[in-house]
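What follows is a single structure, written as structure tokens, with notes after it.
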Amino acid sequence: MRGSIGKIKVKGVFLLLIILIRTIILYLLVVLTVRVMGKRQIGQMQPAELVITILISEVAVIPMQDKDLPLMASVIPLFILISLEIFSSLISMKSLKFRSVVQGNSLIIIRNGELDQAQMKKLRLTVDDVLEALRKKDVFNIKMVEYAILETDGIMTVMLKPEFRPVINSDMKLEIKDTGFPRVIVSDGKIIKSDIIDCEITQKDVQKIIKKNKIDIEKVMLMTVDKNGKIDVVPKENKK
Amino acid sequence: MKRGVIATVLAVISLFFCFYTSYEFKASLEEIGQTSQNALKLFEGKKEDEFAKEANLLIEKWEEKKNLIEVIVTHDETDDIELAVEEIPDLIKNEDYEVLYEKCVEIKNNIYHLISSDKISLGNVF
């Protein structure tokens with residue numbers, strides 16, 4: 001509408017540039033927000049976290065598409081949502097009452113093989129919902145369950161009756177050597193120093209292991225070392 | 001603790017931005033509104049040369065303050081003012097003071113509408 005046709009063309013280019021810049025800023029802000037919130041997945045989120053996640057996606061996307069809306073109308077709500085989420089989680093750590101209000105409580109649905117129908121009614125859970133959740137835990141008979149608890153994130157935790165629990169090493173009185181957690185020492189031909197620091201072996205030990213086994217690091221795809229010094233090496237495939 | 005600091009910093013930035021921009025926004029709009037009102041009074045007092053000067057001052061003030069205003073309100077709300085301001089130089093050049101007067105009225109009304117629509121009130125919040 002303004003000026004000559006030439007000017008309108010220039011305006012169009014700026015419009016796309018504005019969208020590009022806004023998208024980059026909002027992407028960085030949303031990544032920061034999610035990083036600050038933590039690493040939980042949607043299925044593991046507490047109700048408050050789920051609400052924040054939905055709000056963030058809504059708040060961030062509107063000024064990305066609508067150039068007429070100021071970016072600050074999205075940035076300020078994002079900042080406030082991050083602050084509220086962090087303050088809420090900090091208060092939850094200190095106050096049981098607050099935690100109970102914001103996150104809710106875990107509730108027992110099955111006791112000693114019997115459904116707690118009053119709880120189910122309160123939670124608006126159908127028998128089908130409970131049976132489906134049990135099947136997902138490889139339990140096909142309610143009578144096998146000692147306790148089934150509906151957690152605050154909506155996931156059902158199941159404790160089987162003793163006679164249905166799988167046998168574990170301590171039942172058999174077996175002595176098992178603790179191998180610990182195998183650490184990645186070499187990944188895609190590169191030594192991972194951060195994992196060596198976490199590990200009980202030093203970088204010198206790694207060099208010794210490499211020399212002793214005559215390993216060419218550049219030809220190694222993956223090399224792990226466990227607590228007992230046992231090495232596992234996956235060589236790189238030869239390029240055709 | 002680290003997250004507590006991040007939360008506090010972000011909350012302080014947000015609050016500062018909200019209060020500072022609200023204060024500056026109101027002051028800027030009132031200044032532009034006052035200039036447009038002065039221009040209208042000069043036209044009504046048949047002082048056309050001074051009216052033209054005040055209209056030029058209105059352009060200057062708008063250009064000076066518009067960046068802050070556009071950071072806060074949707075651009076739809078400022079587009080009418082922007083278009084009216086852009087027409088002023090041509091109207092002064094052609095000495096078309098009747099239309100210039102109409103444009104100043106339009107700017108004043110839009111400015112006072114912006115002030116009233118951004119006040120903290122039950123109507124605006126809900």
Side-chain angles (χ1 to χ4, degrees), chain A residues 1-4 7-8 11 14-15 18-19 21-22 25 28-40 48-49 52 55-56 59-60 62-95 98 102, chain B residues 1-26 28-29 59 62-63 65-91 93 103 106-107 110 113-114 117-118 120 124-125:
Chain A
M1 294 296 286
R2 289 176 225 174
S4 64
K7 271 190 180 175
I8 292 171
K11 200 184 165 199
F14 285 149
L15 169 70
I18 290 167
I19 290 172
I21 295 164
R22 280 178 172 224
I25 294 170
L28 294 173
L29 268 173
V30 173
V31 169
L32 171 84
T33 311
V34 175
R35 282 286 292 122
V36 170
M37 269 180 61
K39 288 180 179 174
R40 291 186 198 222
E49 290 168 339
I52 295 272
L55 284 176
I56 285 169
V59 163
I62 297 168
M64 213 185 274
Q65 296 170 329
D66 186 358
K67 186 187 79 76
D68 285 337
L69 203 68
L71 191 63
M72 293 315 281
S74 177
V75 173
I76 294 296
L78 273 175
F79 280 3
I80 294 170
L81 285 172
I82 302 174
S83 306
L84 286 177
E85 161 62 17
I86 297 171
F87 285 136
S88 155
S89 57
L90 288 176
I91 298 168
S92 293
M93 283 168 72
K94 303 272 177 196
S95 161
F98 185 82
V102 175
Chain B
M1 192 60 203
K2 194 176 151 193
R3 288 188 179 185
V5 174
I6 295 172
T8 312
V9 169
L10 292 179
V12 169
I13 291 172
S14 306
L15 286 175
F16 173 76
F17 187 81
C18 289
F19 283 105
Y20 174 74
T21 49
S22 298
Y23 171 78
E24 279 290 320
F25 174 69
K26 194 173 164 250
S28 303
L29 286 182
I59 301 174
W62 174 254
E63 291 298 328
K65 309 281 183 188
K66 75 170 183 186
N67 284 340
L68 173 81
I69 295 167
E70 283 173 349
V71 166
I72 303 162
V73 295
T74 56
H75 299 177
D76 288 343
E77 288 184 275
T78 56
D79 276 353
D80 289 341
I81 303 171
E82 179 89 40
L83 287 173
V85 168
E86 277 182 16
E87 285 179 50
I88 291 176
D90 284 342
L91 294 171
K93 200 176 159 190
K103 291 292 163 193
E106 191 185 329
I107 292 168
N110 280 320
H113 171 69
L114 267 181
S117 65
D118 287 285
I120 295 181
N124 285 339
V125 171

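Chain letters run A, B, ... following the sequence lines, proteins first and then strands; every chain starts at 1. Hydrogens, waters and symmetry mates are skipped; everything else that's a heavy atom, side chains included, is used.
With a threshold of 4.5 angstrom between heavy atoms, B/T78 does not approach chain A through any atom at all. The contact between B/V73 and chain A is made entirely by backbone atoms, counting heavy-atom distances below 4.5 Å. Neither the backbone nor the side chain of B/L15 comes within contact range of chain A; no heavy atom of the residue lies under 4.5 Å from a heavy atom of that chain. For chain B, the nearby parts of A/I76 are the backbone and the side chain; heavy atoms of each come within less than 4.5 Å.
Taking each heavy atom of B/G4 and A/I86 in turn, the nearest pair found is N-CG2, 4.0 Å. Nearest approach of B/L10 to A/S83, heavy atoms of both residues: CB-OG, 3.5 Å.
Across B/S14, B/C18, B/A7, B/A11, the residue that shares the most heavy-atom pairs under 4.5 angstrom with chain A is B/A7.
Rounding to the nearest 0.5 angstrom, the gap separating the CG atom in A/D68 from the CD atom in B/E70 is 9.5 Å.
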